[in-house]
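Predicted model only: the values in this text are computed from it and were never measured. What you see below is based on every heavy atom in this structure, not just the backbone, and it leaves out hydrogens, waters and symmetry mates. Just so we're on the same page: letters track the sequence lines, and every chain starts at 1.
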There are 2 protein chains.
Amino acid sequence: MLSAIMEDYLKAIYYLQDETDERVRTSTLAEHMDVEQPSVTSMVKKLAERDFIHYKPYKGVVLTDTGIPVVLEIIRHHRLLERYLTERLEYDWAEVHDEADRLEHHISNQFADRIAAQLGNPAVDPHGDPIPTADLDVSPPQSGETLADQQVGDKVRIERVPDNDPDLLRYLSEHGITPKTVVEIVETTSFGMVTLDPDGTDERVALPEEVARSIIAQTLTGASN
Amino acid sequence: MLSAIMEDYLKAIYYLQDETDERVRTSTLAEHMDVEQPSVTSMVKKLAERDFIHYKPYKGVVLTDTGIPVVLEIIRHHRLLERYLTERLEYDWAEVHDEADRLEHHISNQFADRIAAQLGNPAVDPHGDPIPTADLDVSPPQSGETLADQQVGDKVRIERVPDNDPDLLRYLSEHGITPKTVVEIVETTSFGMVTLDPDGTDERVALPEEVARSIIAQTLTGASN
DNA sequence: TTATATATTTAGCCTCGTCTAATTCTCTCC
DNA sequence: GGAGAGAATTAGACGAGGCTAAATATATAA
């Protein structure tokens, strides 16, 4: 068995490796896990010894084929929990993350399967991230256009928002921007600001381009249609 | 904050103290926690230092007024989880214990309150044990008559069954004996055997007197009525 | 190519919760 | 009231996971 902390390291490696497509450096991992570098070194040695990761000293780590399913199981737990908490237990969008981050390590697969069944085996979590199936298949994350790629006048459907910034999530949900909502781009500026109009409201929501680029959206109609 | 293990010690002390009404000896605790005695000594010192228990060397421990609410919170979590798992997630009576024993330490009070609300703030768990309220009131456990106190011919309603023996639970539920079910006492023997007839069935269920004495039941009608 | 800056690892120590072995306390029985 | 038996505690160690300070490897820049 793996400790919750080991699971967290593996999860971090998974996400960081996804971002950079390179070996994950111990310093990156240290920052992400909020520990000092020597702690990382000793932990990656243990994980490497148990064959969850490949560790080349001074060069960083990658998940092995043993490590990947472990992480996918945790991610499945996490995303199902987020879905369950928001959908069945009236959690606020911004509140789910901490609870799910803790519980993901402690629920059994049986528990996960049961809540999945209750929810009708959903494909995505509340942020639009794909939920691995019980046999750990993951649909490739939606890539493609982001809110920053749009033209003024475009109508787009939000597909996926980042899930790691509670403040942003709170802001977005307060302004009615969640996966599945349709918004119109009303303005983009040269100094990096995107302004939106969520469908059916008069409200205008402004976002830094940086943020807009992290929100995946599906174009519905161009201005010219 | 308390570790899950510390919480388990406190919980064990609570139950053991309830049973014997005396100071809980370290040996009892060691057996219950499945560790060696010195481990207990060092743990109770820490718990005493933090004022959750009163520890008198060589004399055992008792919970303090600081420790009691901590335990009640955990018990609330545990019993709500058991109820939720059986009622909403289709867990089997015998399966819930392990899952609840793990999760009780990791769910937030918010989570507990939400599932309590979902369930309509139930007063008892699936075994008939009282669930502490959000402000940690516990209705005194039903005391009174047990299955062993009955006369042949009595009809009784099961109120509460012990929750710590999965095998027994499985046996009872397979034979339709759960809180709220009505049974008739069909036989008691001098060598300590009680035989029951669950209402509406022809089946006969036999239990050792020892076990019958741990099942609380409410008399409905005597044989003579 | 060498020198310096930066990243990483090693060394050694800490706390938590556990263990075994050795010691000390308590209690009972004569 | 003293001698054992039995229970509890102390002593010292270990693995997990963390830290700081020191040493070393890598990368960059002259």
Quick one, give me the B/S/- string for nucleotides 18-25 of chain D, reading 5' to 3', where B means a protein heavy atom under 4.0 Å from the base and S means that only happens at the primed atoms, P, OP1 or OP2.
SBBB---S
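Here the shortest heavy-atom pairing between Thr64(B) and Ile53(B) reads CG2-C, 3.4 Å.
Ion pairing of Asp101(A) with Lys11(A) is present here, as a side-chain N (NZ or NE/NH1/NH2) and a carboxylate O approach within less than 4.0 Å. Salt bridge Arg213(B)/Glu209(B): present, at least one basic N to carboxylate O contact under 4.0 Å. Taking 4.0 Å as the cut-off between side-chain N and carboxylate O, Glu104(B) and Arg79(B) do not count as a salt-bridged pair.
Lys45(B) has its NZ atom 16 Å from the C1' atom of dT15(C), to the nearest Å. Computed from coordinates, the Lys46(B) NZ to dT10(D) C1' distance equals 15 Å when rounded to whole Å. When rounded to the nearest whole Å, the span between CG of Leu2(A) and P of dA16(D) equals 12 Å. Distance, Tyr55(B) OH to dA7(D) C1': 12 Å, rounded to whole Å. Here the P atom of nucleotide dG17(D) and the CG atom of Leu10(A) are 11 Å apart, to the nearest Å.
Every side-chain hydrogen bond (donor to acceptor under 3.5 Å, both in side chains) that Thr146(A) has, sequence neighbours left out, goes to Asp149(A). Shown here are the side-chain hydrogen bond (donor to acceptor under 3.5 Å, both in side chains) partners of Asn121(A), two or more places apart in sequence or in another chain: there are none. Scored by the salt bridge (charged side-chain N to carboxylate O under 4.0 Å, His left out) test, Arg23(B) finds no partners at all (sequence neighbours excluded).
Heavy atoms of Lys56(B) sit nowhere under 4.0 angstrom from any nucleic acid atom.
Neither OP1 nor OP2 of dT10(D) sits under 4.0 Å from any side-chain N or O of Thr41(B). Contact between the side-chain N/O atoms of Lys59(B) and the OP1/OP2 oxygens of dT9(D) is not found at any separation under 4.0 Å.
Near DNA chain C, defined here as any heavy-atom distance below 4.0 Å, the residues from residues 24-31 of chain A are Arg25(A), Thr26(A), Ser27(A), listed numerically.
Between His97(A) and His78(A), the distance from one ring center to the other falls under 6.0 angstrom.
His106(B) and His106(A) have parallel rings, their planes meeting at less than 30° on a 0 to 90° scale where 60° marks the start of perpendicular.
Taken over five-pair windows at either terminus, the axes of the helix from dT1(C)-dA30(D) to dC30(C)-dG1(D) are inclined to one another by 10° (rounded to 10 degrees).
A salt bridge (Lys or Arg N to Asp or Glu O under 4.0 Å) with Asp129(A) is found for exactly one of Arg160(A), Arg76(A), Arg83(A), namely Arg160(A).
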Using the side chain to side chain contact (heavy atoms under 4.5 Å, CB included) rule, take Ile185(B) and Leu147(B) through it: C-alpha gap first, then chi angles, then the decisive distance, then the call.
CA-CA 8 Å; Ile185(B) 315 293; Leu147(B) 274 188; 4.0 Å; yes
